[in-house]
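See below for the structure under consideration.
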Amino acid sequence: MDQDKLQLQLMRSYLENTQINMQIAHYTKVGVNWRTNNRMPNENRLYFIREGEGWIHIRGKDYSPRRGQLYLLPAGMRLSYAPVVENPLGKYWCHFSATVGDVNLFQMLELPHWIEVQDERKLEQQFEELIELSSGSQVTAPLRIKSILLDIISEYIEQSDDQLHLTAMSSTSKINSVLSYIERHLAEPMTVEELAKLVHFHPNYFLHYFKTMMGLSPIVYINKKRLDKARRLLSTTDMSVSAIADEIGLELYYFSRIFKKSVNLSPTEYRKASGKVYIDGDEVWVEGE
DNA sequence: AAAATCGGATCTGACCTGGA
DNA sequence: TCCAGGTCAGATCCGATTTT
């Protein structure tokens, strides 16, 4: 139960810190020599099948790609594929990297290798746009490409919701044990040294390690989590500010200071404002959930 | 009067750098 | 992956002020 919540938070942490980059995108009708055997690519691949037939083998399973399916073939997994010669595949495809720190996102998240595409028209347009952008010269092309890729991957993840979970590698991974330790000990003071001990790293090395994985230093990350929790408590409970400060392991004066610094409102101001939205400068009260 | 906020001064430990 | 050293941001203390 609680374990599920933790898993969800970890997955969100990973996604929040994912860096994505596309290497190449194209449409190809494959030839007879479209085949590989047991290769381990170091880029992730998306295949959006438009026509024909083929054979893909990954992680011990055979797949027969057909029109309307979107394949996600993660880097670092043994991959084989071959065409069906009489009726070769036509597919949009792209190579990309998606990393959390220096680890491939798909080594942390377990996903099915293909999904049935809901909106083929839309995905087709997205691929067309990827192809156009990658050959074009707009300044904003890198941003647009990222945003499209993120959208495609979001759709993919959402659609595989029931099969989505952390991989064994990730749940035993060092960073994961640190993150879950942090989640469980938000109310207590934590030091870098004690976190480093969890994974048997030297504190200095741990700092570097944490930052490349999470994009933030441990303390900044911890306080961010603390403030997230505080915001939740402020808007969903009537606990006093000091009780909340206590709950997240911060002294009252320090809590209100860093709260204001990050949210620009003091805790009580925030509480008053939460549940209200401002439309054209006018305050409008909205029912909370 | 109690709870919450703010600000300044001070100290500690987090974090970085460069090197092994 | 570890270590030493220096810097600066984060954390603490305390008192003054504002808000409820």
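In what follows, every chain begins at residue 1, and chains take the letters A, B, ... in the order their sequences are listed. This one's a predicted model, so the numbers in the text were calculated from it and none came from an experiment.
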Regarding [X] and [Y], do their side chains bring together a donor and an acceptor under 3.5 Å, going by distance alone?
X: Arg45(A); Y: Tyr47(A); answer: yes
X: Tyr27(A); Y: Glu128(A); answer: no
X: Tyr71(A); Y: Gln69(A); answer: yes

Please state whether the phosphate of dA3(B), meaning OP1 or OP2, lies under 4.0 angstrom from any side-chain nitrogen or oxygen of Ser242(A). no

Contact check, residues 246-258 of chain A vs DNA chain C, heavy-atom distance under 4.0 Å, returns Tyr253(A), Tyr254(A), Arg257(A)

In residues 193-202 of chain A, what residues come within less than 4.0 Å of DNA chain C, judged by heavy atoms? His200(A), Phe201(A), His202(A)

Starting from the first five and the last five pairs of the helix from dA1(B)-dT20(C) to dA20(B)-dT1(C), work out the angle between the resulting helix axes, to 10 degrees. 50°

Counting heavy atoms from C-beta on, name the nucleotide in dA11(C), dT5(B), dG5(C) closest to the side chain of Asn204(A). dG5(C)

Taking the minimum atom-to-atom distance to the side chain of Val241(A), which one of dC16(B), dA4(B), dA14(B) wins? dA4(B)

By the 4.0 Å heavy-atom rule, please label Ile219(A) as base, sugar-phosphate, or nothing. sugar-phosphate

Base, sugar-phosphate or nothing for Pro203(A)? Non-hydrogen atoms, less than 4.0 Å. nothing

Ring geometry between Phe127(A) and Phe48(A) (parallel below 30°, tilted from 30 to 60°, perpendicular above 60°): parallel

For Tyr81(A) and Trp34(A), take the angle between the two ring planes, folded into 0 to 90°, and tell me which bin it lands in: parallel under 30, tilted 30 to 60, perpendicular over 60. parallel

Hey, which sits more toward the 5' end of DNA chain B by its nearest nucleotide, His208(A) or Thr268(A)? Thr268(A)

Please report the distance, rounded to the nearest Å, between CG in Leu207(A) and P in dG10(C). 13 Å

List the steps and the verdict of salt bridge (charged side-chain N to carboxylate O under 4.0 Å, His left out) for Glu155(A) and Lys122(A). CA-CA 11 Å; Glu155(A) 291 280 345; Lys122(A) 179 181 168 199; 3.4 Å; yes

